[in-house]
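One structure below.
In what follows, every heavy atom counts, from backbone to side chain, and hydrogens, waters and symmetry copies are set aside. All residue numbers in this chain count up from 1 along the given sequence.
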Amino acid sequence: MRKPRDFDSELKALADKARQLKERRVRQLGELVAATGADALDTDLLAGVLLDAVATKDAATKEGWRKRGVAFFQGKARKPAPGPQRQPGGTLPLDGGAASA
């Protein structure tokens with residue numbers, strides 16, 4: 001006679017695996033934001049840019065973005081986007097980054 005399957009434990013294992021995959025995806029997206037230099041952007045600006053990218057219907061624009069992404073991952077464009085100067089080692093300036101008078 002066959003041993004009955006424990007569906008509850010199988011469902012729990014699948015739910016755990018799904019949670020791990022979601023956490024990994026979120027971590028990788030954060031790493032991508034940092035690798036591209038987009039972490040230097042204001043949060044509202046970054047969210048707006050991403051929302052605009054999602055809403056864009058122009059295939060030519062999306063293809064251009066895709067090509068830049070491919071080049072980035074192939075190491076041809078690993079420079080972060082121009083923006084505020086980043087501090088070495090991820091440290092903040094001693095004055096907190098405020099403009100001095």
Side-chain angles (χ1 to χ4, degrees):
M1 183 169 191
R2 291 174 54 178
K3 181 179 175 182
R5 289 175 63 177
D6 186 0
F7 290 110
D8 289 335
S9 65
E10 289 181 28
L11 283 173
K12 185 180 182 308
L14 286 173
D16 288 344
K17 181 68 173 179
R19 182 183 44 78
Q20 290 172 351
L21 289 172
K22 186 175 181 178
E23 288 173 0
R24 184 173 128 208
R25 181 178 176 177
V26 169
R27 187 173 44 255
Q28 287 176 333
L29 285 171
E31 291 170 357
L32 180 61
V33 168
T36 60
D39 59 333
L41 296 175
D42 178 68
T43 312
D44 294 334
L45 175 63
L46 181 59
V49 168
L50 292 172
L51 288 170
D52 194 41
V54 169
T56 298
K57 304 289 185 217
D58 183 24
T61 300
K62 286 185 176 184
E63 180 62 18
W65 292 339
R66 190 194 66 75
K67 286 180 180 180
R68 287 186 68 187
V70 168
F72 174 80
F73 284 114
Q74 290 178 350
K76 295 178 184 174
R78 287 285 174 151
K79 294 180 191 172
Q85 290 293 330
R86 297 178 56 138
Q87 297 296 318
T91 60
L92 294 173
L94 293 177
D95 62 355
S100 57

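Side chain of Lys62 to backbone of Thr56: a donor-acceptor contact under 3.5 angstrom is found.
Counting only heavy atoms from C-beta outward, the side chains of Leu29 and Val33 never approach each other to under 4.5 Å. Side-chain contact between Lys22 and Arg25 is absent, with no heavy atoms from C-beta onward closer than 4.5 Å.
Of the inter-residue distances, the one linking Thr36 atom OG1 with Leu41 atom CG reads 8.0 Å to the nearest 0.5 angstrom. With rounding to the nearest 0.5 angstrom, the CG atom of Asp42 is 9.0 Å from the CG atom of Leu46. The structure places CZ of Phe72 at 6.0 Å from CG of Leu32, a figure rounded to the nearest 0.5 Å.
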Under 3.5 Å, side-chain donor or acceptor atoms of residues 9-21 against the rest of the protein: list the pairs with distances, not counting sequence neighbours.
residue: Ser9; atom: OG; partner: Asp6; partner atom: O; Å: 3.0
residue: Ser9; atom: OG; partner: Asp6; partner atom: OD2; Å: 3.1
residue: Glu10; atom: OE1; partner: Arg5; partner atom: NH2; Å: 2.7
residue: Glu10; atom: OE2; partner: Arg5; partner atom: NE; Å: 3.2
residue: Lys12; atom: NZ; partner: Asp16; partner atom: OD2; Å: 3.3
residue: Arg19; atom: NH1; partner: Glu23; partner atom: OE2; Å: 3.4

